[in-house]
Number of protein chains: 2
Amino acid sequence: MPNSVDRPSLSRSIEDYLKVIYKLELESGSAQTSAIADALAIAPPSVSGMVKRLADAELVTHVPYRGVELTEAGRRQALRMLRRHRILESYLIGHLGYDWDDVDREAERLEHAVSDDLVERMAVKLGNPTHDPHGAPIPSAAGTIDPTRYLPMTEIEVGHAGRFRMIGDADPERLRFIASLGLRPGAEFRVLDRQPFNGPVTIELDGDRKEVIGFALASSLQCEQLEEPTLP
Amino acid sequence: MPNSVDRPSLSRSIEDYLKVIYKLELESGSAQTSAIADALAIAPPSVSGMVKRLADAELVTHVPYRGVELTEAGRRQALRMLRRHRILESYLIGHLGYDWDDVDREAERLEHAVSDDLVERMAVKLGNPTHDPHGAPIPSAAGTIDPTRYLPMTEIEVGHAGRFRMIGDADPERLRFIASLGLRPGAEFRVLDRQPFNGPVTIELDGDRKEVIGFALASSLQCEQLEEPTLP
DNA sequence: AACTAAATTTATGCCAGCCTAAATTAGCCC
DNA sequence: GGGCTAATTTAGGCTGGCATAAATTTAGTT
Ligand SMILES: [Mn+2]
Ligand SMILES: [Mn+2]
Ligand SMILES: [Mn+2]
Ligand SMILES: [Mn+2]
């Protein structure tokens, strides 16, 4: 029996579009033209054009003026790209001495050039990790992904302990700063204070060190709330 | 001081053209349109068009109807691509379990996606190899390359010992067959017989095993002649 | 219900990179 | 030197992926 479905292999552009659409659907429920344009640094009319092609290829359904939604095939490809990207980042850090702030650029290009075979070899060398260095879940080769959602650090209640789980990987400076605080995915902390009006969050780390984190930054730290508050 | 020269980074197509032109110049002294077209599996008029763009970019000089020659900038880029390709092949075999017959396809895509930084990290992990798994010399990061030329096995004289040094990497089947004979770059042999009229070559391996190798195949094995013949 | 601002699409155009068909040139033979 | 052949270039066309400017739709305001 020959290959049942001949997929013509997607272009680099299409692969990046699918990833972005997946992330937008995940974060805000829908993927609108301007959001895609922003994320890819492309003009909105160009996105309209590509959306047409994606819809023709049945990777996406499009309701004009409303937005775009991944089809099952589109979602499968998006998850395949996320697996590639996250395995690559993990491998670059684990075996080639990269830091967590400089892997994204490299992976963003490599994800379009590696074969499935190479990705799986890297995954095996890494011991089939479930999360990448920034805490993001790595889809399985079969196309499933851990659906766990976390809370921004700003929503962990005062007095509670929390665990830092995940952070976006696109901003190297932010990653370096977070690392300089001693915060890595998995790190435990306790919220000592939250200032109102989008004010900073004060946390305690390693049982003694205090750090004050601005609202915008704290909002980008995806965390898990751990336990009931300790009583005074 | 800002970056002195802004190179716009070459396209995948251009990078492959430069590599092919370099190889053709090396093998036959010149690079003609049809030879480039053959090597890249592209129609000759397409090559004419690209040659024009390469000449505009001063990567190549073009004498119409005569052929094309790399400029210094073109040669530098070609060697940079060869370094990438050959370091990648070495790394895939050395650290990711690939065999020498299946690395070329992978490297052919990856060479356009890796950063210089990543290539150098791989080179360091490998101990800065000077030759790739097929015996081809790896250009230095500075752009120099071992100019040693070898002889086809068909030109090693009967009675002489020889050392197999290098083989083209594009044909997986040929590579598997050569490996099955126990021939790897570095392997020593003695020529027992050469048949005339482009006939086969008989060699002795490991001091006892005899193998008969057809002319076309033997011609593709680049070797070094080692010593004066042993006297009868 | 009409007006307005923002988002989106349509209309056009450009460039890279490929193609086929037709024209041109080079090299060779007599 | 004329004519043949093979190689090469020119002409014209197509697709993917981007852009800007203009038209359209949506949604919110009054
Ligand atoms: Mn990333
Ligand atoms: Mn990418
Ligand atoms: Mn190769
Ligand atoms: Mn290539």
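Numbers restart at 1 for each chain; the letters A, B, ... are given by sequence-line order, proteins then strands.
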(request) State which residue, out of Arg80(B), His112(B), Glu111(B), fulfils the side-chain hydrogen bond (donor to acceptor under 3.5 Å, both in side chains) condition with His85(B). (result) Glu111(B)
(request) Using a 4.0 Å cut-off on protein heavy atoms (strictly under), produce a 5'-to-3' string for nucleotides 17-26 of chain D with B for base contact, S for backbone-only sugar-phosphate contact, and - for none. (result) BSBBB--BSS
If you restrict it to nitrogen or oxygen atoms, what contacts under 3.5 Å exist between nucleotides 3-6 of chain C and the protein, and what is each distance?
none

(request) Using modelled atom types only, decide if a donor and an acceptor are shared between the side chain of Ser30(A) and the backbone of Glu25(A) within a distance under 3.5 Å. (result) no
(request) Begin with the C-alpha distance, continue with both residues' side-chain angles, and end with the deciding distance and a verdict on side chain to side chain contact (heavy atoms under 4.5 Å, CB included) for Arg53(A) and Ile14(A). (result) CA-CA 9 Å; Arg53(A) 270 175 286 156; Ile14(A) 289 179; 5.9 Å; no
(request) Tell me, please, which residues at least two apart from His134(B) pass ring pair (Phe, Tyr, Trp, His ring centres under 6.0 Å). (result) Trp100(B)
(message) Can you list everything that forms a ring pair (Phe, Tyr, Trp, His ring centres under 6.0 Å) with Tyr91(B)? Sequence neighbours excluded, please.
(response) His95(B)
(message) Using a 3.5 Å distance criterion without hydrogens, assess whether the side chain of Glu15(A) forms a donor-acceptor pair with backbone atoms of Met81(A).
(response) no
(request) Using a cut-off of strictly less than 4.0 Å, decide whether His62(A) has a side-chain nitrogen or oxygen near OP1 or OP2 of dT9(C). (result) yes
(request) Output yes when a side-chain donor or acceptor of Arg86(A) lies under 3.5 Å from a complementary backbone atom of Ala136(A), and no otherwise. (result) no
(request) Enumerate the residue pairs fulfilling side-chain hydrogen bond (donor to acceptor under 3.5 Å, both in side chains) with a member in residues 137-149 of chain A, sequence neighbours excluded, ordered by first and then second residue. (result) Ser140(A)-Thr144(A), Asp146(A)-Thr148(A)
(request) Examine distances only and state if a side-chain atom of Arg165(A) and a backbone atom of Tyr150(A) form a donor-acceptor pair shorter than 3.5 Å. (result) no
(message) Measure CG/Leu10(A) against P/dT15(D) and give the value in whole Å, please.
(response) 19 Å
(request) Please determine which of Asp101(A), Asp171(A), Leu183(A) meets the side chain to side chain contact (heavy atoms under 4.5 Å, CB included) test together with Ile178(A). (result) Leu183(A)
(request) Can you sort out which residues in residues 21-39 of chain A have a heavy atom within less than 4.0 Å of DNA chain C? Ascending by number, please. (result) Gln32(A), Thr33(A), Ser34(A)
(message) Using modelled atom types and a 3.5 Å cut-off, is there a donor and acceptor pairing between side-chain atoms of Glu106(A) and backbone atoms of Leu92(A)?
(response) no
(message) If I take atom CD in residue Glu15(B) and atom C1' in nucleotide dG17(C), what distance separates them, rounded to the nearest angstrom?
(response) 15 Å
(message) If I take atom NE2 in residue His112(B) and atom C1' in nucleotide dG17(C), what distance separates them, rounded to the nearest angstrom?
(response) 14 Å
(message) For dT9(C) and Lys52(A) - does any side-chain N or O of the residue sit under 4.0 Å from the phosphate oxygens OP1/OP2?
(response) no
